[in-house]
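Numbered from 1 within each chain, the chains take letters A, B, ... in sequence-line order. Quantities reported herein were computed from a predicted structural model and do not represent experimental measurements.
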2 protein chains.
Amino acid sequence: MLPPQSVLEHMNPFEHPFAQWLEQLEHFGRLPAADRQAVLDLPHRLRRLDAGAYLVREGDIPRHCAVLAKGYAFRQKLTGSGARQIMAVCIPGDAVDLQNMFLDVSDHSVQLLTQASVADIPREALQQLVRNRPAVGTAVIAVTLVESSILREWVVNVGRRDSRARIAHILCEFAVRLETRGMIHDGGFELPMTQEQLADATGLTSVHVNRVLKSLEVDGLISRRRRYIHFDNWRALQDVGDFSRRYLHVEDHDIIDEAS
Amino acid sequence: MLPPQSVLEHMNPFEHPFAQWLEQLEHFGRLPAADRQAVLDLPHRLRRLDAGAYLVREGDIPRHCAVLAKGYAFRQKLTGSGARQIMAVCIPGDAVDLQNMFLDVSDHSVQLLTQASVADIPREALQQLVRNRPAVGTAVIAVTLVESSILREWVVNVGRRDSRARIAHILCEFAVRLETRGMIHDGGFELPMTQEQLADATGLTSVHVNRVLKSLEVDGLISRRRRYIHFDNWRALQDVGDFSRRYLHVEDHDIIDEAS
DNA sequence: CGTTTAATTGAAAGCAGTCAAACTATGTGG
DNA sequence: CCACATAGTTTGACTGCTTTCAATTAAACG
């Protein structure tokens, strides 16, 4: 095996395209140095793509797996009547198609929300990594299971919460997830979605999303400057959104500093 | 390793509590005989439980993983206002808490839909199996990914389809999934849920589910005798439900014989 | 600056929910 | 075997949250 490399210990998370992804893989336990190195050594091609670009299309038979080094993406499906549903939002450091690593034909599309830099890893390389390094394999499973947990919560969100709670909930979810990537600044974050996309993620219409956002703002729960969302009353927003972070499987500490 | 055992090749699927689960694990490729044996040799305790029993409760820190040898179960969550959402229905042969194998605290509850026999496997035994046998590990990942795909489709169902399509869709899904377990008889199946549970799975109310079922029946798409659902017009029901089996990642062949 | 995309607001319509009651099946105990 | 209790299904009338439709304003972009 490779010797441990101290340079990896405290590297700049923006140096390597897999840095944030690796951090995510290690969320449930540090990987052996050789495994970390193996992840970083994965062969890949880095691409810079514009917002709206497709990373995967439903029906595709993909030959590589994409890791979001920078930028945002979302998973979506279209219904027969042309309506769109967004089922997940991928944030920097997420692997976008682990799905397609072991399943042959993609069951949904993935589209970029913003300009992004994406690292494509050959399917086989990733499969071998997971097979040959059990610690990486279980880390991949764990990350996949957290993604499933988020999906379950989304089913609850669109199935059983009213519009106000849905929007509040998704904002809370973004906040907590982004915090794990160090992307909360000044008590808020830059929401990389239009209100129409927010509507497609919550099973509402863009018109109604607009009304709900306004009402949350009027009630003093959030404030907005363009796409930037600030949490004026983080506690109350969680209450309105019926939000509990348990399903995200992250450490339990409050992250929003309302003073800022 | 253990020698291959020809007795496994064509065993009665009802002999061993893991038989159907193993079949599911082998859906994407035959496992080496030693791996199959290792699955079947997993230590476990078999329990017979009544409908309504909890296999896991949200917040639990489970020490074992349950496999449904017989019977049905469902995953659920309660919202703060007391509403229930069902996020998945587990059918015979499904492993119920792979989630809890690698995540510490359960993010949802699992409850039995019917009387069932359940095999509890110690968490550690399963973890070791996955780590020591890469082929089993990838099979577990693949099965987990199919479950995720079903979850995504449920988000679409609840988020973007009207009540009629939702009910039609979930009926189609059950039909195809049950067929993979050989549980379609006479062109229909025994639906092991009350209309209220069906409502909680589709984000509707039981009153409205009742109306929709009736309308599907009046339109000649299905017929019902108690909980038994018969498909009178399988093709049309799929159209109404906007159903495509792609997301289930099963073989593509039509399974409903309407003549019966 | 014109053009395009996104956000905002108002008025009206509709799908599904709520409330309430009746009906059916099943099971229990006398 | 029947009276009664319980759980689930069915139906009707009414309400309401969101959608739909339409128009206006604001922001982003070349």
Problem - Euclidean distance, atom CZ of residue A/R164 to atom C1' of D/dC17 [Å, nearest integer] - result: 14 Å
Problem - Sole candidate of A/R75, A/K70, A/R181 that passes salt bridge (Lys or Arg N to Asp or Glu O under 4.0 Å) when paired with A/D94 - result: A/R181
Practice task
Identify whether the distance between the nearest side-chain nitrogen and carboxylate oxygen of A/D200 and A/R84 falls below 4.0 Å.
Solution key: yes
Handout entry: Nearest-Å distance for atom pair CG/C1', residues A/L198 and C/dA7
Key = 13 Å
Fill in the blank from the handout: Of the listed D/dT11, C/dT9, C/dA7, the closest approach to the A/Q195 side chain comes from C/dA7
Practice task
Using whole Å, report how far CZ of B/R166 lies from C1' of C/dG17.
Solution key: 12 Å
Exercise for the section: Taking only Lys NZ, Arg NE, NH1 and NH2, and the carboxylate oxygens of Asp or Glu, determine whether B/R245 and B/E173 approach each other closer than 4.0 Å. Expected result: no
Completion exercise
Between CG of B/L191 and P of D/dG8 the distance, given in whole Å, is 14 Å
Problem - B/E196 CD: over 12 foreign heavy atoms closer than 6.0 Å - result: no
Practice task
Let me know the distance between NZ of B/K214 and P of D/dG12, rounded to the nearest Å.
Solution key: 6 Å
Exercise for the section: For A/E217 and for A/R160, find the nucleotide of DNA chain C with the closest heavy atom, then tell me which residue's nucleotide is more 5'. Expected result: A/E217
Exercise for the section: Pick base, sugar-phosphate or nothing for A/L213, based on heavy-atom distances below 4.0 Å to the nucleic acid. Expected result: nothing
Handout entry: Residue A/L204, side-chain heavy atoms: nucleotide from D/dT9, D/dT18, C/dT9 that is nearest
Key = D/dT18
Exercise for the section: Report yes if a side-chain nitrogen or oxygen of B/S163 is closer than 4.0 Å to either non-bridging phosphate oxygen (OP1 or OP2) of C/dC15; otherwise report no. Expected result: no
Exercise for the section: Report yes or no: is there a donor-acceptor pair, N or O only, under 3.5 Å between the side chain of B/R211 and the base of C/dT18? Expected result: yes
Exercise for the section: May I ask you to decide if the ring planes of A/W234 and A/F243 are parallel, tilted or perpendicular, using 30° and 60° as cut-offs? Expected result: tilted
Exercise for the section: Calculate the interatomic distance between B/H208 atom NE2 and D/dT10 atom C1'; express it in whole Å. Expected result: 14 Å
Exercise for the section: Looking at every strand, decide which applies to A/R226 at a 4.0 Å heavy-atom threshold: base, sugar-phosphate, or nothing. Expected result: sugar-phosphate
Exercise for the section: Assign B/R224 to base, sugar-phosphate, or nothing according to its heavy-atom contacts below 4.0 angstrom with the strands shown. Expected result: sugar-phosphate
Exercise for the section: Report yes if a side-chain nitrogen or oxygen of A/T205 is closer than 4.0 Å to either non-bridging phosphate oxygen (OP1 or OP2) of D/dT18; otherwise report no. Expected result: no
Completion exercise
Of the candidates C/dT18, D/dG8, C/dT8, the side chain of A/N210 sits closest to C/dT8
Practice task
Ignoring the backbone of B/T194, work out which of D/dG8, C/dA16, C/dT18 is nearest its side chain.
Solution key: D/dG8
Exercise for the section: Classify the side-chain pair A/S215/A/R164 by whether it contains a donor and acceptor separated by less than 3.5 Å. Expected result: yes
Exercise for the section: Under 4.0 Å between any heavy atoms, over every strand shown, what does A/R227 touch: base, sugar-phosphate, or nothing? Just pick one. Expected result: sugar-phosphate
Exercise for the section: Could you check how far CG of B/L113 sits from P of D/dA7, rounded to whole Å? Expected result: 17 Å
Exercise for the section: To the nearest Å, give me how far apart CD1 (A/I167) and P (C/dA7) are. Expected result: 12 Å
Practice task
Among D/dT11, D/dT19, C/dA16, find the nucleotide with the atom closest to the side chain of B/D162.
Solution key: C/dA16
